[in-house]
Amino acid sequence: MFQVREAFPFEWERIKQKRINAYKEYAEVLPSEHWRVLSESISVTVFEPNVQVFVATENQKIVGSVVLFPPKMDAYAGLTDLPESPEIRMLAIDPKARHQGIAEALLRHCIQACQQSGFSAVGLHTADFMKSAMRLYARLKFVRVPELDFVPLDDGIVVKAFQYSIEKEA
């Protein structure tokens, strides 16, 4: 069984490498320039203050990770307006560990962290070529926010915005 926790700084480089490996499948389906931009985006190691990196571990091995950016942080290098809510980014699951609920657990952990911090929503961006992610977000009741979509390149791929409304505890 896996566990979700905050990542330790000494794990960041390993997390980055696992993230790159998890996204490699898209190199085959994307135009080469789009893959270059995406791979550069996921290759960053996030050292910013207030950015949280969470991992899922199984038998003390990292099997998934996600990054939670605070509101008003430019997580997309100026390609979209600064979000009013926290932003989930770089969700990555080891290909050998998929279909075990790890992605959902990481997302729920982010939602819970946002709720505990008093936020009313959390957002994320994805694209149609990430089909399993799109299904997961729909199942978890993330809703489309088209006014926050962006097109990083002139290749027809739209990076679509989604938002999850966090219910306030009574």
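Since this is a predicted model, take the numbers as computed values, not measurements.
- The two residues K24 and W35 come nearest to each other via the heavy atoms CA-CH2, 3.9 Å.
- The aromatic rings of H109 and F54 sit perpendicular to each other, their planes meeting at more than 60°, with 30° as the lower class boundary.
- The line from OH of Y137 to OG1 of T126 is 5.0 Å long, rounded to the nearest 0.5 Å.
- Between R108 and L140, the shortest heavy-atom distance links the atoms NH2-CD2, 3.0 Å.
- In this structure, CD1 in I93 is found 10.5 Å from NE2 in H99, a value given to the nearest 0.5 Å.
- The side-chain hydrogen bond (donor to acceptor under 3.5 Å, both in side chains) contacts involving residues 51-70 comprise nothing, where partners must be two or more places apart or lie in separate chains.
- Between Q100 and F2, the shortest heavy-atom contact is O-CE2, 3.4 Å.
- Aromatic ring pairs are classed by plane angle as parallel below 30°, tilted from 30° to 60° and perpendicular above 60°; the pair Y26 and F129 is perpendicular.
- Proximity of V151 to I157: side-chain heavy atoms (C-beta onward) are nowhere separated by under 4.5 Å.
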Requested in this report: With ring pair (Phe, Tyr, Trp, His ring centres under 6.0 Å) as the test, would you mind laying out the steps for F142 and F162 before giving the verdict?
Outcome: CA-CA 6 Å; F142 279 80; F162 290 82; 7.4 Å; no
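- The closest side-chain heavy-atom distance from Y23 to R19 is below 4.5 Å.
- To the nearest 0.5 Å, the span separating CZ on F119 from SG on C110 amounts to 12.5 Å.
- Side-chain atoms of E104 never come within 3.5 Å of backbone atoms of G101 as a donor-acceptor pair (strictly under, hydrogens ignored).
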Requested in this report: Under the salt bridge (Lys or Arg N to Asp or Glu O under 4.0 Å) rule, what do K18 and E11 come out as? Steps first, then yes or no, please.
Outcome: CA-CA 11 Å; K18 288 186 162 287; E11 297 173 309; over 6 Å; no
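- Atom-to-atom distance recorded for I166:CD1 and Q112:CD is 10.5 Å, nearest 0.5 angstrom.
- A donor-acceptor pair under 3.5 Å links the side-chain atoms of D149 to the main chain of A161, judged by distance alone.
- Residue pairs meeting the salt bridge (charged side-chain N to carboxylate O under 4.0 Å, His left out) criterion with at least one member in residues 114-131, sequence neighbours excluded: D128-K160.
- Residue pairs meeting the salt bridge (charged side-chain N to carboxylate O under 4.0 Å, His left out) criterion with at least one member in residues 25-39, sequence neighbours excluded: E25-R98, E33-R36, R36-E40.
- Of the possible polar contacts, none joining the S41 side chain to the V37 backbone as a donor-acceptor pair under 3.5 Å is found.
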